[in-house]
Amino acid sequence: MTVALDLPTAAPSATLLAASRRVGVLDDLRTPYAIEAGDGDPLVRVTAPATGASVAWPAGLDAAPAVAAALEVAGRAEPLPVFARVLADAQLQPLLDERRGPWRPVRAVTAADGTALASVWRSERGDLALPFDPDEAILNLRSERYVEILKPAASRGLKRGAMLAYYRARPLLPRRLQIALRRQFARLQARTPFPRWPAETALHDLQAVVAGMLADVAGRPLPAIAAWPAGHRWAMVLTHDVELQLGHDHLQQVADAERRLGFRSAWNFVPRRYAIDDELLARLRADGFEIGVHGLYHDGRDLESLELLRERGPAMREAAERWGAVGFRSPATHRRWEWMPLLGFDYDSSSPDTDPFEPQAGGCCSWLPFFNGELVELPITMAQDHTLFVILRRDERAWIEKAELLREHGGMALIDTHPDYLVDERMRDAYLRLVERFAGDDTVWKALPRDVSAWWRQRAASELQPAADGWQVTGPAAGQATIELVKGSW
């Protein structure tokens with residue numbers, strides 16, 4: 001979204017906006033707003049008291065199915081993908097308040113084939129009405145429910161069954177055959193139109209559209225708490241999944257190189273797959289590195305069923321307590337939105353932002369952390385080493401290009417590599433060149449995942465309050481937070 005760092009000189013009003021229910025986009029920004037009852041209004045409405053104008057969208061569409069749609073957005077080469085329940089013009093128009101003046105459609109919402117579905121409407125006095133709930137659309141991206149919308153149920157069940165069958169059979173397959181199968185499958189996966197790889201901007205673009213609409217009706221930029229602390233413009237987070245004894249026994253070389261470059265990383269271990277040296281973990285912790293849990297056996301079955309997850313959960317949490325770990329990553333990045341909070345960890349880092357090449361393809365479309373209930377999700381936003389070098393046979397330029405894009409957009413470059421593969425000198429050197437490239441960047445936050453999770457909780461527990469010279473942050477993030485202004489533009 002468009003931001004400006006210049007702060008207003010006049011004391012602002014504490015109530016820039018009033019909403020008839022909680023609004024996820026404003027909560028994500030930490031923009032202050034009041035909640036006022038809608039008095040039977042059939043629309044969710046966010047009103048700016050200073051101008052009287054509002055942004056509204058339909059509520060109570062429980063019976064309608066979600067669809068794959070697209071919203072016309074000024075300045076965007078292609079329509080913006082939207083996965084939500086959509087109210088047609090003939091249904092939405094009678095709900096618009098005629099007291100606000102004549103309404104007219106100003107932007108089209110179309111189906112995947114380009115046929116008209118609905119419109120964004122504007123009143124004569126500047127009110128706006130969306131034909132879908134933006135919070136629902138954002139949740140459908142983060143939770144990957146768009147996969148269900150895009151594909152029929154039979155196809156989803158077949159794909160999950162094939163994934164489980166592959167992971168059960170994989171130990172019996174020769175390594176060369178495994179790689180050959182993955183490369184062949186990757187050619188099909190690369191054709192996936194959504195989410196785009198290596199970057200998908202739909203979620204953040206949608207947030208920017210809604211925030212821009214709200215700033216437009218407010219008649220002034222909206223204050224927000226910046227994503228990163230202490231004036232940092234983006235974050236770089238290094239993580240490693242230790243899958244085999246080989247990686248366990250050879251990780252120190254990578255850790256030493258990271259330390260020399262001014263970084264610390266998180267090392268995720270599998271409690272019941274290989275022998276783990278408690279002294280090694282103690283040395284890593286003492287040197288400022290983080291320890292995490294990477295499933296129980298690394299057999300691809302932790303999330304096979306709710307019963308098995310509940311059976312294995314206590315053993316994974318016991319390992320976490322023994323190691324002082326607060327974070328989890330699922331083997332092969334298997335994930336189920338509703339089940340991840342049941343793991344009992346402070347944060348999870350099993351969801352890529354976009355990755356068509358994993359056995360569970362898809363992604364949350366976010367390069368920022370977000371909450372799944374009480375769980376903080378830290379998306380993997382960089383291609384995994386095995387995928388990049390072995391399956392796709394690319395080099396580190398793909399990493400560098402993605403990291404620079406994330407730096408440009410103020411995102412989080414969270415990378416997942418494996419010491420089992422970094423024993424290969426070519427791959428290790430490529431990884432360390434990536435780390436060295438950004439080691440001297442004074443705009444980057446070199447953070448551990450546990451620190452990012454802690455910050456995201458502090459930020460979510462903080463508020464913006466009016467001050468004599470603009471805005472001030474109150475709450476646990478007050479000492480580190482930066483204030484940004486979100487401009488009206490959509």
Side-chain angles (χ1 to χ4, degrees), residues 159 162-163 165-167 169-201 236-244 246-247 250-251 253-254 257-258 265 268 294 298 300 329-334 349-363 365 367 379-407 411 413-438:
K159 186 175 180 181
M163 180 180 70
Y166 169 77
Y167 272 92
R170 189 173 70 166
L172 305 177
L173 300 177
R175 182 66 175 165
R176 293 181 69 177
L177 178 57
Q178 291 180 33
I179 293 172
L181 290 172
R182 285 286 307 277
R183 283 174 177 164
Q184 196 169 32
F185 189 40
R187 295 190 185 98
L188 298 175
Q189 292 172 309
R191 301 174 189 171
T192 303
F194 188 89
R196 292 173 298 181
W197 188 86
E200 176 54 68
T201 65
M236 193 166 192
V237 184
L238 311 181
T239 73
H240 309 279
D241 294 343
V242 186
E243 295 187 352
L244 299 168
L246 176 68
H250 290 84
L251 63 81
Q253 186 176 4
V254 175
E258 290 172 340
S265 59
N268 302 315
H294 190 39
H298 206 283
R329 175 169 296 133
S330 178
T333 65
H334 292 174
S349 186
S350 302
S351 179
D353 64 334
T354 173
D355 193 338
F357 305 110
E358 284 296 294
Q360 185 175 341
C365 304
W367 53 58
I380 304 166
T381 59
M382 305 279 282
Q384 295 193 41
D385 49 357
H386 183 262
T387 299
L388 190 64
F389 291 94
V390 179
I391 305 303
L392 300 181
R393 290 179 276 198
R394 303 273 293 274
D395 59 29
E396 77 262 23
R397 282 177 294 182
W399 273 342
I400 291 169
E401 289 169 3
K402 181 66 178 289
E404 289 178 343
L405 180 146
L406 294 167
R407 175 173 62 181
L414 190 152
I415 189 167
D416 175 18
T417 58
H418 304 75
D420 314 274
Y421 304 131
L422 296 185
V423 293
D424 181 317
E425 184 177 357
R426 179 181 66 93
M427 293 174 65
R428 184 176 64 252
D429 288 349
Y431 168 69
L432 293 177
R433 283 195 295 271
L434 168 74
V435 176
E436 184 176 16
R437 184 182 183 93
F438 298 103

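Shortest non-hydrogen contact noted between Gly411 and Trp367 is CA-CD1, 3.5 Å. Taking all atoms of both residues into account, the shortest heavy-atom contact from Pro419 to Gly247 is CB-O, 3.6 Å. Nearest heavy-atom pair, Met427 versus His386, reported as atom, atom and distance to 0.1 Å: CE-N, 4.5 Å. Across Gly362 and Pro352, no two heavy atoms sit closer than the pair O-CG, 4.2 Å.
Side chains of Glu258 and His240: a donor on one and an acceptor on the other come within 3.5 Å.
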| Verdict with reasoning, Tyr431 to Asp385, per side-chain contact (heavy atoms from CB on, under 4.5 Å) | CA-CA 8 Å; Tyr431 168 69; Asp385 49 357; over 6 Å; no
| message | With side-chain contact (heavy atoms from CB on, under 4.5 Å) as the criterion, how do Ile415 and Leu434 come out once you've worked through the C-alpha distance, each side chain's angles and the decisive distance to 0.1 Å? | response | CA-CA 10 Å; Ile415 189 167; Leu434 168 74; 3.6 Å; yes
| said: Between Arg437 and Glu396, is the side-chain contact (heavy atoms from CB on, under 4.5 Å) condition met? List the steps. | reply: CA-CA 11 Å; Arg437 184 182 183 93; Glu396 77 262 23; over 6 Å; no
| said: Could you walk me through whether Glu200 and Asp353 satisfy the side-chain contact (heavy atoms from CB on, under 4.5 Å) test, starting with their C-alpha distance in whole Å, then the side-chain angles of each, then the deciding distance to 0.1 Å, before giving a yes or no? | reply: CA-CA 8 Å; Glu200 176 54 68; Asp353 64 334; over 6 Å; no
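Checked by atom type and distance alone, the side chain of Lys402 never pairs as donor or acceptor with a backbone atom of Ala199 at under 3.5 Å.
Rounding to the nearest 0.5 Å gives a distance of 8.0 Å between CZ of Arg433 and CD1 of Ile400. In this structure, Arg428 CZ and His250 NE2 are separated by 9.5 Å, a value rounded to the nearest 0.5 Å. With values rounded to the nearest 0.5 angstrom, Gln384 atom CD is found 11.5 Å from Leu392 atom CG. Residue Leu388 holds its CG atom at 10.5 Å from CZ of Arg397, rounded to the nearest 0.5 Å. For the atom pair Ser351 OG and Glu358 CD, the distance stands at 11.0 Å (nearest 0.5 Å). If you take CG on Asp241 and NE2 on His418, they are separated by 4.5 Å, rounding to the nearest 0.5 Å.
Counting only heavy atoms from C-beta outward, the side chains of Met382 and Asp416 never approach each other to under 4.5 Å. By the 4.5 Å heavy-atom criterion applied to side chains, Phe357 and Ile391 are not counted as neighbours. Looking at heavy atoms from C-beta onward, Phe389 lies out of side-chain contact with Asp424 at the 4.5 angstrom threshold. Under the 4.5 Å side-chain criterion, counting only non-hydrogen atoms from C-beta, Asp355 is not in contact with Ile380. Residues Leu414 and Pro379 have side chains not in contact (no heavy-atom distance under 4.5 Å, counting atoms from C-beta outward). Taking 4.5 Å as the limit, some side-chain heavy atom of Ser349 sits within range of a side-chain heavy atom of Arg329. Arg196 places a side-chain heavy atom less than 4.5 Å from the side chain of Thr201. Contact annotation: the side chain of Ser350 never approaches that of His334 to less than 4.5 Å [non-hydrogen atoms, C-beta and beyond].
The aromatic ring centroids of Trp399 and Phe438 lie 6.0 Å or more from each other.
The neighbour count for Glu404 CD, taken as heavy atoms of other residues, nucleotides or ligands under 6.0 Å away, is above 12.
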